[in-house]
Amino acid sequence: MEKYKNFINNRWIDSESKETIKVEDPSTTKIIGEISCANKPEIDLAVSAAKESFNSRILVDMPLLDRAKLMRKIADETRKVAKEGGTILCYENGKSIGAAIKEFNDVADMFDYYAGLTDKLEGKTIPVSKSILDYTVLEPYGISAHIIPWNYPLAMLGRSLACSFATGNSTIIKTAELTPLSATFFAKAIENAGTPPGLINIISGYGDEAGAYLVSHPDVNHVVFTGSVITGKKILHMAADKAIPAIVELGGKSAGIVYPDANLDDVVESARHAIFGVAGQICTAMSRLVVHKSVKDELIVKLVDLSKSLKVGPGYEEGTDLTPVISNNQLEKVEGYARSGIQAGAEAVHGGKRIDRDGYFMEATVLNNVTQDMTVAREEIFGPVLSVLEYQDAEEAINIANDTDYGLGGGVFTKDLNKAAWTASKLQSGQVYVNKWFTGSHATPFGGYKQSGYSREKGVQALNSYLQIKNVGISLV
Ligand code: ADP
């Protein structure tokens, strides 16, 4: 069994305690590797490496075209490790091998994208008076700590790190304890690209211990978090205690509204990827469908056909559609939600329970006749469970879609683009997908309304969250 280490100051570090985190393949429950578990001494080391690199101004003062070249080199090196790293990601997370390799390539794309923006972070001149030259300068915060979730371990790391690096911050990444191995392959890419030490540090450790210690470390002055609402609120409290900014992208309970004129095959195709892909462990999962009464029966038949057709198995097997959920805890939670929906009166037209085989597999579950008062319609499940609700008029559909504490994603299925735009304007969510879930790219801003968080990742706008503004006034008299 291979043993992996923390990447601190461009060195591979074992933890002082010798404690390790053992990582399971959720398809088999077998241990596939272990990694040194960082705790206080390793976090202190990572923070001091980041601080030293930031204070040396090596990245801040680097000519911006050189910063861009370094980022493109990181992108190239990331593509070189995509196959090997993607394979480990597939084993530790359970997702399909194609999706896992793509995640590495997406990180590379993020670095290429933000590389092109390093020399476009422009300030302003502000007219104050004839004798004052007033201008703004955009400066990095300094030491940025990123807490990463287990569902997209590389994509989440890449989007925040590329932005943080492009703006000149020194970064410490804490990976999720369930999926810490794949990031070490990315760390190799950082090393191979010749990145100066201390600018990027990648550690693994438990949330309540390493994560909390890192976020509340006095020298950390910027935090990025993606994960659950409960943990996000804890992070926000810790950040508030130090009065430092925090970017948080939290959960979701996204609804797709299906109008009577929708192409139902588009809805089914979105369900394949957006609720059954990655076993539904997606923050913008299409976890509710709000369907017009006139087309609901027909759609249910199609959703059942889809569910039956999905090939169940480990992500590393050719052609699998429904892969395992991440852990036994998660499986119990997801199964519990499905059960609660059925007990509350929903009809499981497909699935509803775990699959009787090794690993943490949950049936593709479609719950019909769900109503907004049921827990399955209100709470984030993070599993392959789709709730179907019925409506009669468009206002009612929008009210149902918005009747949640979350506001991450939303969708509309209709051939009438005027109606789509009208609906998009009414949905309280950070992104709206029309006729196809997941239309975004590295260039589109991503983030939540309401309890789904604030600030935006990806796109040009995200850079603002990693920069502070300095105003300079020069007296010309
Ligand atoms: P889950 O409960 O599904 O693991 P979380 O939102 O708790 O989801 O975890 C997302 C990330 O947050 C992980 O990297 C985890 O280690 C980290 N984390 C969990 N609790 C804390 C905490 N109290 N402080 C900092 N990070 C935490």
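Whatever order the structure lists ligands and atoms in, that order sets their numbers, starting from 1.
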Please could you name the atoms of ligand 1 that [X] approaches to less than 4.0 Å, counting only its heavy atoms?
X	answer
Met238	24 (N)
Ile147	11 (C), 12 (O), 14 (O), 17 (C), 26 (N)
Ser228	5 (P), 6 (O), 7 (O)
Ile148	11 (C), 13 (C), 14 (O)
Gly227	6 (O)
Trp150	1 (P), 3 (O), 4 (O)
Gly211	24 (N), 25 (C), 26 (N)
Ala212	24 (N), 25 (C)

I want to know if ligand 1 touches [X] in the polar sense, i.e. an N/O pair below 3.5 angstrom.
X	value
Lys174	yes
Thr231	yes
Gly207	yes
Lys234	no

N-O pairing of [X] and [Y] below 4.0 Å:
X	Y	value
Arg159	Glu249	yes
Asp403	Lys253	no
Glu191	Lys188	no
Lys80	Asp76	no
Glu177	Lys174	yes
Glu335	Lys353	no
Glu209	Lys40	no

For Phe361, does the six-membered ring have the charged nitrogen or CZ of Arg357 within the cation-pi criterion, i.e. under 6.0 angstrom from the centroid and within 45° of the normal? yes

So, for atom 3 (O) of ligand 1, does the protein have a heavy atom nearer than 4.0 Å?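 Given the 4.0 Å cut-off, atom 3 (O) of ligand 1 counts as touching protein heavy atoms.
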
Under-4.0 Å protein heavy-atom contact, atom 7 (O) of ligand 1: yes

For Tyr466 and His222, I'd like to know if the aromatic rings sit close, meaning centre-to-centre distance below 6.0 Å. yes

